[in-house]
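Take a look at the structure below.
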Amino acid sequence: MKKLYLILIVAFQLSCFSQNKEVLYDFTSIPQSSLVNPGADVSYKFYFGVPVLSGVSANLGSSSFSAYDLFANNGVDFNDKVRNVINNSSSKDKTQVNQQLELFSGGFRVGGKESQSYISFGAYQEFDFLMYVPKDLAILALDGNRDYIGKSFNLADLNVRAEVLSVFHIGFHKKLNEKLVLGGRAKLYSSGANATSTKNSGFIYTGQNPGTPNVYNQVIASNLEIKTSGIAAFTKDEYDGSIPKDIVHNTFFNGSLGLGLDAGLTYYFKKNLQFTASIVDLGFIRHTKDIETLTYKGTYNYQGVNPSFDPSNEPENIFDEFDKAIPRDTLYNKYTTWRPTKFYSSLQYSFGESRYNGDCNCKGNINRKYLNAVGGQLFMMSMPVEPFVAFTAFYKRSIFEKLDVKATYTFDSYSNKNIGLGISGTLGKLNMYLLVDNVLEYKDVSKANSIAFQFGFNFVFQDSED
């Protein structure tokens, strides 16, 4: 059991990252940039994404160690490696997985050829997992309490949430004038499976009275709770279905529903000085389908010779007293969860004006385009303990008329040397893009603290020249 518990901790730690999409943000040659800022200054006659391939993203990483720290062939015992990882982590180290798969997407201009109003729409599937390192519980599982007499192990370290959901959305953005673009997006969430345990408290304490070396006072004060929806049916003995198929069905056709909102803007102080800001996933889900809440609440106090909690010794009276003091209770109350809300902003300075050689524009409307841009970005995301914050510096370059690149340097709690690269190109009507984070770590992925990528294919149609 101890090994299983530790393996679970390690597995979760090896798959964490933030939801910051710093390379995609304000990369306006990619239609999906409007998903992180619905007020992005993007324009087209219409576009549609290649189904299932228009936006694929995955994020992996760790805030406190790498796979190499655990599995390096360096002669160090594995248990010692695990112990070192736990000792070097804190209860504020968080683990996170976020995966998104865009199912379909599209957009079109409304109001005629001279209009600068646009509608976009789509749907995507998302998996989100967040867990703070339960350091005290990990130490207790690994070493027991023998060497920690007088220490209080904090049960609040158990802080985890996970969810599979689908998101259907429709957005609108309009360029009001040469200086300001405003946009918004409405979202309908459908949660296929959710598990939330983020408001726990309590402690495990073992003390010893002076002069009584073999007599201990053990106190367990527990206020633990885990809320689930869309999961309880799978734990029943009579269930004989397919869990993956049923989760997919629930996610798209029978999930708990919620609503969300995105909003954003782009403002030009000058033609080459731009400010942007957006808020993403300001929303909630009301869980009403297949709901179950498990609680372990109460206080257990044992005083006497240190007991051996081993079923072979059958300390039945102790187990019975524990069950009575901290009973397991099952509730069936509806509950609400809030989506992790993201905030982006950026300041960009463009230079190196260029006008591409093309057919004569007899209407006299010449679009000014700059070859280069530099700037900075701020990202913040709500989390149960404290907000996640990241700072990014970036450089963008238009190599050809339909080929753009972006390079980023990001500083956050996962890494202080995160260099990202993105490329977006259009061949005919086909737009293709690839965004990669932490490129320096690809020389040895096992030592990487974080790795992320996103790619996609869209067909983008612009007005033909008269």
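The structure displayed is predicted, hence computed values, not measured ones. Nothing fancy with the numbering, it's 1 onward along the sequence.
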Approximate separation, where rounding is to 0.5 Å, of Lys227 NZ and Lys334 NZ: 14.0 Å

Any Asn200 side-chain heavy atom under 4.5 Å of Thr198 side chain: no

Leu155 vs Leu137, side-chain contact (heavy atoms from CB on, under 4.5 Å): CA-CA, chis, key distance, verdict: CA-CA 7 Å; Leu155 297 183; Leu137 297 179; 3.7 Å; yes

Side-chain ion pair, Glu126 and Arg339, N-O less than 4.0 Å: yes

Side-chain donor/acceptor of Asn177 to backbone N/O of Lys179, under 3.5 Å: yes

Residues Glu102 and Gln125: side-chain donor-acceptor under 3.5 angstrom: no

Exercise: do Thr196 and Asn194 side chains pair donor with acceptor under 3.5 Å: yes

Check: Asp128 main-chain N/O paired with Asn98 side-chain donor or acceptor under 3.5 Å: no

Donor + acceptor pair across side chains of Thr336, Arg286 (<3.5 Å): yes

Heavy-atom check, side chain of Thr330 versus side chain of Tyr332, under 4.5 Å: yes

Distance-only donor-acceptor check, side chains Thr295 and Glu225, under 3.5 Å: no

Heavy-atom donor-acceptor pair, Asp290 side chain to Ser229 backbone, under 3.5 Å: no

Exercise: do Asn250 and Lys289 side chains pair donor with acceptor under 3.5 Å: no

Sidechain-backbone polar pair: Asp437 side chain, Phe453 backbone, donor-acceptor under 3.5 Å: no

For the student: nearest non-hydrogen atoms of Tyr239 and Gly241, plus distance: OH-C, 3.2 Å

Verdict with reasoning, Phe269 to Tyr267, per ring-ring contact (aromatic ring centres under 6.0 Å, His included): CA-CA 6 Å; Phe269 298 102; Tyr267 183 79; 5.2 Å; yes

Ionic contact status for Glu401 with Lys369, cut-off 4.0 Å: no

From Ser424 atom OG to Tyr433 atom OH, the distance as rounded to the nearest 0.5 Å: 9.0 Å

Atom pair CZ/OH of Phe379 and Tyr25 - distance to nearest 0.5 Å: 11.0 Å

Phe394 six-ring centre to Lys406 NZ/CZ under 6.0 Å and within 45° of normal: yes

Asp41/Lys175 ion pair, N-O < 4.0 Å: yes

Test log, rule side-chain contact (heavy atoms from CB on, under 4.5 Å), inputs Leu378 and Val389: CA-CA 8 Å; Leu378 169 67; Val389 180; 4.0 Å; yes

Closest approach of Thr28 to Ala40 (non-hydrogen atoms, all atoms of both residues): CG2-CB, 4.3 Å

Basic-acidic side-chain contact under 4.0 Å: Lys135, Asp157: no

Under 3.5 Å side-chain donor-acceptor pair for Lys21 and Gln32: no

Tyr47 (side chain) donor-acceptor with Ser120 (main chain) under 3.5 angstrom: no

Polar contact flag, side-chain donor to acceptor under 3.5 angstrom, Thr426-Lys402: no

Spatial distance of atom CD (Gln454) from atom CG (Leu434) [nearest 0.5 Å]: 9.5 Å

Approximate separation, where rounding is to 0.5 Å, of Ser346 OG and Glu22 CD: 13.0 Å

Test side-chain contact (heavy atoms from CB on, under 4.5 Å) applied to Val385 and Met383, step by step: CA-CA 6 Å; Val385 175; Met383 286 189 167; 5.9 Å; no

Sub-4.5 Å side-chain heavy-atom contact between Leu182 and His173: no

Validation row: Ser191, His287 side chains within 4.5 angstrom (heavy atoms): yes

Pair Ser43-Tyr118, side-chain contact (heavy atoms from CB on, under 4.5 Å): steps then yes or no: CA-CA 8 Å; Ser43 61; Tyr118 303 86; 3.2 Å; yes

Heavy-atom closest pair, residues Asn431 and Ser29: ND2-O, 3.5 Å

pair Phe388-Pro340: side-chain heavy atoms closer than 4.5 Å: no

Residue pair Ser117 / Ser115: nearest heavy atoms and the distance that separates them: N-OG, 3.1 Å

Check: Thr276/Gln274 side-chain N/O donor and acceptor closer than 3.5 Å: no

Any donor-acceptor N or O pair under 3.5 Å, side chains Gln462, Lys429: no

Pair Thr251, Ser166: side-chain N/O donor-acceptor within cut-off below 3.5 Å: no

No-hydrogen, no-angle side-chain donor-acceptor test under 3.5 Å, Asn372 and Tyr395: yes

Distance-only polar pair, side chains of Ser34 and Asn37, donor-acceptor under 3.5 Å: no

Met380 CE: over 12 foreign heavy atoms closer than 6.0 Å: no

Asp26-Tyr344 side chain donor-acceptor pair, cut-off 3.5 Å: no

Salt bridge Lys187-Asp262, side-chain N to carboxylate O under 4.0 Å: yes

pair Val374-Phe351: side-chain heavy atoms closer than 4.5 Å: yes

Test item: side-chain donor near acceptor, Asp281 and Tyr189, under 3.5 Å: yes

Side-chain heavy atoms of Phe455 within contact of Ser57, under 4.5 Å: no

Closest contact, heavy atoms only, Val181 versus Gly39: CG1-O, 3.5 Å

Atom pair OG/CG of Ser54 and Leu103 - distance to nearest 0.5 Å: 8.0 Å

Ring centers of Tyr44, Phe46 separated by less than 6.0 Å: no

Check: Phe253 and Val248 side chains under 4.5 Å, non-hydrogen atoms: no

Contact summary for Leu435 and Gly422, nearest pair of heavy atoms: CD2-CA, 3.6 Å

